[in-house]
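All values below were derived from every heavy atom in this structure, side-chain atoms included, with hydrogens, water molecules and symmetry-related copies excluded. Just so we're on the same page: letters track the sequence lines, and every chain starts at 1.
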Protein chains: 2
Amino acid sequence: MARLPEYLRALHNLAESGHETVSSEGLSAAAGVNSAKLRKDLSHLGSYGTRGVGYDVALLIEQIEFVLGLTQRRAVALVGVGNLGHALAGYDGFASRGFRIAALLDADPSRVGEEINGLVVRHVDDLPTVAAEESLAIGVIATPAAAAQQVADQLVAVGVTSILNFAPCVLSVPEGVDVRKVDLAIELQILSFHEHRKASLTALPATGGSALTALPGGFATTDTQEAIGT
Amino acid sequence: MARLPEYLRALHNLAESGHETVSSEGLSAAAGVNSAKLRKDLSHLGSYGTRGVGYDVALLIEQIEFVLGLTQRRAVALVGVGNLGHALAGYDGFASRGFRIAALLDADPSRVGEEINGLVVRHVDDLPTVAAEESLAIGVIATPAAAAQQVADQLVAVGVTSILNFAPCVLSVPEGVDVRKVDLAIELQILSFHEHRKASLTALPATGGSALTALPGGFATTDTQEAIGT
DNA sequence: AGGCGCTTGTGAAGACGTGCACAAATCGCG
DNA sequence: CGCGATTTGTGCACGTCTTCACAAGCGCCT
Ligand SMILES: NC(=O)c1ccc[n+]([C@@H]2O[C@H](COP(=O)([O-])OP(=O)(O)OC[C@H]3O[C@@H](n4cnc5c(N)ncnc54)[C@H](O)[C@@H]3O)[C@@H](O)[C@H]2O)c1
Ligand SMILES: NC(=O)c1ccc[n+]([C@@H]2O[C@H](COP(=O)([O-])OP(=O)(O)OC[C@H]3O[C@@H](n4cnc5c(N)ncnc54)[C@H](O)[C@@H]3O)[C@@H](O)[C@H]2O)c1
């Protein structure tokens, strides 16, 4: 499930604050999900809690990390060291969550040789050499959309089977290669949609509402996080 | 639906390349989804295509932009001008997709006053003043996780009802406020999970496989993009 | 004008995810 | 040792999303 990483983060927080066991209720609150859902997820992965007590935090962390394949630290290749690439290269949140940036690559000759966070930017054509040095598990694409497909092909060619794509475009890859996309503009547009919906709901009941303004309204967006708290 | 922005991007690409009409088949390929799903989505929003021909690209763009509430350019406040915040502030992809970064805010006095992309960084405590100057629609949080909740509260206090959160933590907000989260580490962990699954699938059939290695495998991750093309 | 090919819109079936509610299990305490 | 409090694991029902398949509609060509 896609919620496992969320649980993992919550568990790490709990472990740091000294908890040894957690109830499904407590953990679900920390992760922002329904407690029944969490129990089903956890049971689904075969993990055992003890009834009347809860889950052993350390054991559960170990279990989830195993299922996520985080027992080995995976090597990440970052292609496109521009605006966004710089921020990613300097981010310490990857190292602390089981990943290691193994290489920075760019096509711009003026960027090659630059050192960021102790890593030297290499030319993207050196990718085969880099891949030979160590086994790359994941490729991150932070190039303009126009170059993304070509970079993806290069990554696949050297044996990368998982790609995280920041460029706003659809990549076509052979079967067996997984692609996940992060598009900030899409996130903003979804929020914009909610704004628009909220505005219509408060405005319409007063006015009659034109035919055009009468949008269905009953739309479902894959909610990342719904309203919680008071 | 959360797919509308994806359609919109594909439509803009098609419009630039001179197409006047698109079939559901063509558009679905460009957006990377099933054609039946696309037709249902489009019909769901009341938009009319003409049978035997397809959809009018310009009209459809207009329709979707209306539903998403992009007819008005929305003002975005970016809080936390650090590593990631810099990249976001310098990104031109927001402006071209209907958004306008209206303010850059940070708590660090040494950052206040800095100019990025023609915008001056202001102190986060000036938020009420900024909100008074122009109506903020969306707040983006790019601060460390420890500060995120406090910033969210400040944003809500000045009337922001949509928040995009980059900090790896769960925000608690009053009802009526929408929160979307982007967590890169989670994306990487999901890819890691797929790597692990793929590795198990190719290794297991040969060896007997220990009890621990026998993970269910039939997991479902909310697929951003599945394998397409040959 | 009529037929033919193409494309949309949608009904229905199936898969899937979600949440309730409760039985089974475990611990602590008298 | 037994009982109650507590918490897990799960059967079940419900709503949603997905996909197939096909009828209805439109334009074009003859
Ligand atoms: N900056 C942001 O905040 C932001 C936000 C969302 C999405 N994005 C997307 O991320 C991508 C990168 O954005 P950016 O702002 O960093 O752009 P950028 O122009 O600053 O950086 C792009 C980098 O990619 C390199 N590059 C170009 N072609 C290449 C190739 N074939 N192989 C290797 N490297 C190549 C360039 O030399 C450059 O260094 C874009 O697709 C953008 O739409 C950026
Ligand atoms: N850099 C990345 O690539 C990246 C990737 C994924 C997630 N993130 C997350 O994004 C967030 C920011 O990352 P970063 O690398 O830019 O960190 P950073 O430390 O470089 O920047 C954080 C900024 O927030 C400011 N800040 C701190 N407290 C504040 C407050 N109360 N109000 C306003 N501003 C405040 C700081 O002054 C600083 O400028 C973090 O939560 C991080 O986990 C970053």
Rounded to whole Å, the OH-C1' distance (B/Y55 to D/dC26) equals 14 Å
Is any side-chain N or O of B/S24 closer than 4.0 Å to OP1 or OP2 of C/dT8? yes
Find the distance A/D56:CG to C/dC27:C1' and express it as a whole number of Å. 16 Å
Give me the one residue out of A/Q72, A/R74, A/R73 that meets side-chain contact (heavy atoms from CB on, under 4.5 Å) with B/S192. A/R74
Value for CG (A/L4) from CG (A/L45), rounded to nearest 0.5 Å, stands at 5.5 Å
Between the side chains of B/T161 and A/E195, does any donor sit under 3.5 Å from an acceptor? yes
Atom OH of A/Y48 to atom P of C/dT26: distance rounded to whole Å? 11 Å
C/dT7 P sits how many Å from B/L42 CG, rounded? 16 Å
Separation of atom CG in A/L38 from atom P in D/dT7, rounded to whole Å: 14 Å
In whole Å, I'd like the distance from the CG atom of B/L45 to the P atom of C/dT10. 12 Å
In whole angstrom, what separates A/L27's CG from D/dG9's C1'? 16 Å
Sugar-phosphate only, base, or nothing, as touched by A/S47 at under 4.0 Å among non-hydrogen atoms: sugar-phosphate
Reading nucleotides 18-25 of chain D from 5' to 3' and marking B where a protein heavy atom lies under 4.0 Å of the base, S where only the sugar-phosphate is that close, and - otherwise, the string is SBBB--BB
Hydrogens and angles aside, do B/Y7 and B/D41 bring a side-chain donor and acceptor to less than 3.5 Å of each other? yes
Quick one, A/E6 with B/K181, criterion salt bridge (Lys or Arg N to Asp or Glu O under 4.0 Å). Give me CA distance, side-chain angles, the key distance, then yes/no. CA-CA 11 Å; A/E6 199 75 41; B/K181 202 179 75 179; 2.5 Å; yes
Any side-chain N or O of B/S43 less than 4.0 Å from the OP1 or OP2 oxygen of C/dT10? yes
So that I can tick it off, tell me whether A/R97 and A/D92 are bridged by a salt bridge, with the cut-off set at under 4.0 angstrom between side-chain N and carboxylate O. no
Check whether any side-chain nitrogen or oxygen of B/T50 sits under 4.0 Å from OP1 or OP2 of D/dC26, and answer yes or no. no
Using only heavy-atom distances, determine whether the side chains of B/T21 and B/H19 contain a donor-acceptor pair under 3.5 Å. no
